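Computed from heavy atoms alone, side chains included, the values below leave out hydrogens, waters and symmetry copies. Proteins come first, then strands; the chains are lettered A, B, ... in the order of their sequence lines, and each starts at number 1. Quick caveat, the model's predicted, so the values are computed rather than measured.
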Protein chains: 2
Amino acid sequence: MPVAVDLVVLTVTEGSLHVLLVERALAPDKGLLALPGGFLLAHENLADAARRELCEETGITPPGHLEQLRSYGPLNRDPRGPVLSVAYLLFAPTFATPQAGGDAAAVQWHKVEDLAGPNATTRLAFDHDQILADGIERARAKIEYSPLAAAFCPPEFTIAELRSVYEAVWGCRLDPRNFHRKATKTVGFLETTGKMSAEGVGRPAALYRLAEGISPNAAILDPPLSRPRKSQ
Amino acid sequence: MPVAVDLVVLTVTEGSLHVLLVERALAPDKGLLALPGGFLLAHENLADAARRELCEETGITPPGHLEQLRSYGPLNRDPRGPVLSVAYLLFAPTFATPQAGGDAAAVQWHKVEDLAGPNATTRLAFDHDQILADGIERARAKIEYSPLAAAFCPPEFTIAELRSVYEAVWGCRLDPRNFHRKATKTVGFLETTGKMSAEGVGRPAALYRLAEGISPNAAILDPPLSRPRKSQ
DNA sequence: AAAATAGTGTCTATGAGACAATATAGG
DNA sequence: CCTATATTGTCTCATAGACACTATTTT
């Protein structure tokens with residue numbers, strides 16, 4: 001059984017959630033947008049294949065946090081026949097614009113708004129719409145009770161930058177004052193650097209980093225940074 | 001690449017969480033306890049393979065709720081070579097004692113306490129200890145914000161039965177009075193049947209069922225039936 | 001000074017959890 | 001009667017969210 005690995009690579013730029021897509025250089029679905037990915041090699045583990053494929057198609061060695069999303073198929077998802085796909089999710093800070101390579105004719109960040117949800121305008125190759133939707137849902141759920149939102153930020157960041165990540169991923173506005181209190185008072189989340197941000201207008205903001213010794217993966221925020229329950 | 005499907009089949013009996021294990025009839029790891037499972041056939045989807053393997057090895061057509069857990073490998077988990085395993089999780093009501101068949105020499109329910117956590121006494125075959133641990137963790141997290149705990153109960157059940165499920169899965173005692181209020185007042189969770197339970201001593205309890213039109217999978221309890229945060 | 005953003009304090013509504021009190025069964 | 005379990009009610013504490021207010025910068 002051929003086994004593929006596909007990646008949902010998410011980042012936050014310009015106030016909204018973006019996903020890294022490639023334009024397929026080969027049939028099937030040549031010319032369509034798709035998640036980066038490819039076939040698992042013999043003697044390779046899943047996560048290693050995910051990193052290798054991302055690097056081959058985009059020239060990027062993934063920073064951020066990589067985790068398994070779920071597996072799909074193998075039937076009715078690739079016209080060539082049964083292919084089992086194991087999807088991975090990468091929480092990435094915005095890094096250098098990627099370089100197309102491998103099976104990819106072009107690589108670009110795309111606004112998630114245009115691809116998933118009610119206002120979607122573009123169709124992805126294979127069953128990648130479903131995989132993307134699952135990845136977004138996972139990201140939305142996970143930043144609530146884990147420190148993973150910080151994986152979208154540079155190593156040192158302001159509370160406002162962190163808040164804009166939550167706002168982009170959840171697609172809603174958060175009260176800056178309540179968010180500030182919540183984020184800074186949640187134990188085991190942030191650590192002050194002592195430095196101040198010099199950017200922009202208004203009072204300078206303190207710079208924070210992830211708390212020492214936090215693996216963004218395992219740590220659990222308790223209580224969680226609660227996502228608003230009702231429409232705001 | 002050979003692809004296997006393994007199942008973590010959980011149920012609640014006698015006040016504690018149990019998992020269905022087979023004794024391997026064949027090498028490798030012959031004689032060891034293992035999760036039921038086997039190889040994916042050509043032209044078969046993952047969830048279908050999970051159901052088929054469970055039926056072959058235990059004679060059971062799974063009631064309850066089946067969901068994908070995650071994938072493992074393919075390296076360093078089977079002495080025969082690389083095998084990708086996709087694990088599934090089944091929330092099962094206690095049903096008829098299973099019948100061994102296929103690759104299984106014996107099939108039995110085992111107390112999860114004896115297998116996972118600090119007091120574990122038995123080792124499972126392959127990497128099934130890890131898979132079991134992940135399945136238990138998923139179950140513990142999921143019954144908090146989904147109606148899935150009811151999948152461990154018969155179609156009609158009392159609040160006390162439902163509470164004992166939560167207590168078994170979470171491994172802690174819950175206040176019967178607070179639990180009763182919480183469970184019955186959570187919208188979209190339970191529905192009264194009008195019938196009463198005749199069992200046991202004390203005042204008879206009302207029988208409930210899952211609310212109409214709930215797919216236990218998709219529904220989200222809001223607010224969740226919160227798991228106690230601190231040790232009780 | 002005005003505008004903008006950072007950060008703190010305060011109030012209210014809601015839910016979790018402790019626990020009193022009542023209801024209904026069997027012995 | 002007593003005991004056991006079901007079910008309801010009440011109280012307290014903690015947290016989410018609304019929002020007034022102060023602090024510090026740029027224009």
Side-chain angles (χ1 to χ4, degrees), chain A residues 15 143-145 149 153 156-167 170 172-209 220-232, chain B residues 15 143-145 149 153 156-167 170 172-209 220-232:
Chain A
I143 62 171
E144 183 162 356
Y145 57 89
C153 295
E156 303 190 342
F157 49 87
T158 65
I159 300 295
E161 285 179 283
L162 184 65
R163 174 168 47 85
S164 79
V165 165
Y166 280 90
E167 291 179 334
W170 285 342
C172 65
R173 309 291 293 180
L174 300 173
D175 184 293
R177 302 158 291 183
N178 290 333
F179 182 87
H180 188 284
R181 180 165 25 87
K182 186 86 179 164
T184 53
K185 291 198 177 162
T186 296
V187 295
F189 187 17
L190 301 181
E191 208 171 67
T192 181
T193 64
K195 298 183 229 170
M196 303 294 280
S197 165
E199 313 268 321
V201 70
R203 172 174 168 180
L207 283 170
Y208 292 82
R209 58 171 168 262
I220 289 182
L221 299 184
D222 179 31
L225 277 189
S226 56
R227 177 177 181 181
R229 304 265 177 209
K230 314 289 178 188
S231 59
Q232 298 250 85
Chain B
I143 62 170
E144 184 162 356
Y145 57 89
C153 295
E156 303 191 340
F157 49 87
T158 66
I159 300 296
E161 285 179 283
L162 184 64
R163 174 168 48 84
S164 79
V165 165
Y166 280 90
E167 291 178 334
W170 285 341
C172 65
R173 307 292 291 181
L174 300 173
D175 185 293
R177 301 159 291 183
N178 290 333
F179 181 86
H180 188 285
R181 181 163 24 86
K182 187 84 179 164
T184 52
K185 291 200 177 159
T186 296
V187 296
F189 186 16
L190 300 181
E191 209 170 68
T192 180
T193 65
K195 297 183 230 169
M196 304 293 281
S197 165
E199 314 267 322
V201 70
R203 173 175 168 179
L207 284 170
Y208 291 82
R209 57 171 167 260
I220 288 182
L221 300 184
D222 179 29
L225 277 189
S226 57
R227 179 177 178 181
R229 304 262 178 212
K230 314 288 180 188
S231 60
Q232 298 250 82

State yes or no: are the ring centers of Tyr166(B) and Phe179(B) separated by less than 6.0 Å?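 Tyr166(B) vs Phe179(B): aromatic centres under 6.0 Å.
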
Determine the minimum heavy-atom distance between Thr158(A) and Ser197(A), stating which atoms define it. CG2-CB, 3.6 Å

Heavy atoms only: give me the nearest Arg209(B)-Thr193(B) pair and the separation to one decimal.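 Where Arg209(B) meets Thr193(B) most closely, the heavy atoms are NH1-CG2, 3.4 Å.
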
Could you check how far [atom1] of [X] sits from [atom2] of [N], rounded to whole Å?
X: Glu144(A); N: dT15(D); atom1: CD; atom2: P; value: 16 Å
X: Arg177(A); N: dT5(C); atom1: CZ; atom2: P; value: 13 Å
X: Lys185(B); N: dT7(D); atom1: NZ; atom2: C1'; value: 10 Å
X: His180(B); N: dG17(C); atom1: NE2; atom2: P; value: 17 Å
X: Ile159(B); N: dA4(D); atom1: CD1; atom2: P; value: 22 Å
X: Asp175(A); N: dG9(C); atom1: CG; atom2: C1'; value: 13 Å
X: Glu199(B); N: dA6(D); atom1: CD; atom2: P; value: 12 Å
X: Asn178(B); N: dC13(D); atom1: CG; atom2: P; value: 16 Å

Strictly below 4.0 Å, N to O, side chains only: are Arg173(A) and Glu167(A) in salt-bridge contact?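 Counted as a salt bridge, because a side-chain N and a carboxylate O are separated by less than 4.0 Å.
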
Salt bridge or not between Glu144(A) and Arg227(A)? Use side-chain N to carboxylate O under 4.0 Å.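 A salt bridge is absent here (no side-chain N lies under 4.0 Å from a carboxylate O).
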
Looking at [X], I'd like to know whether one of its side-chain N or O atoms comes within less than 4.0 Å of OP1 or OP2 on [N].
X: Arg163(B); N: dA6(D); result: yes
X: Thr158(A); N: dG7(C); result: no
X: Thr184(B); N: dT8(D); result: no

Quick check: any donor-acceptor pair below 3.5 Å linking the side-chain of Arg181(B) to the base of dA6(D)?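 Absent.
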
Is it the case that the base of dA6(D) and the side chain of Arg203(B) share a donor-acceptor contact (distance under 3.5 Å, atom types as modelled)? yes

Specify the residue among Val201(B) and Leu225(B) whose closest nucleotide of DNA chain C lies further upstream toward the 5′ end. Leu225(B)

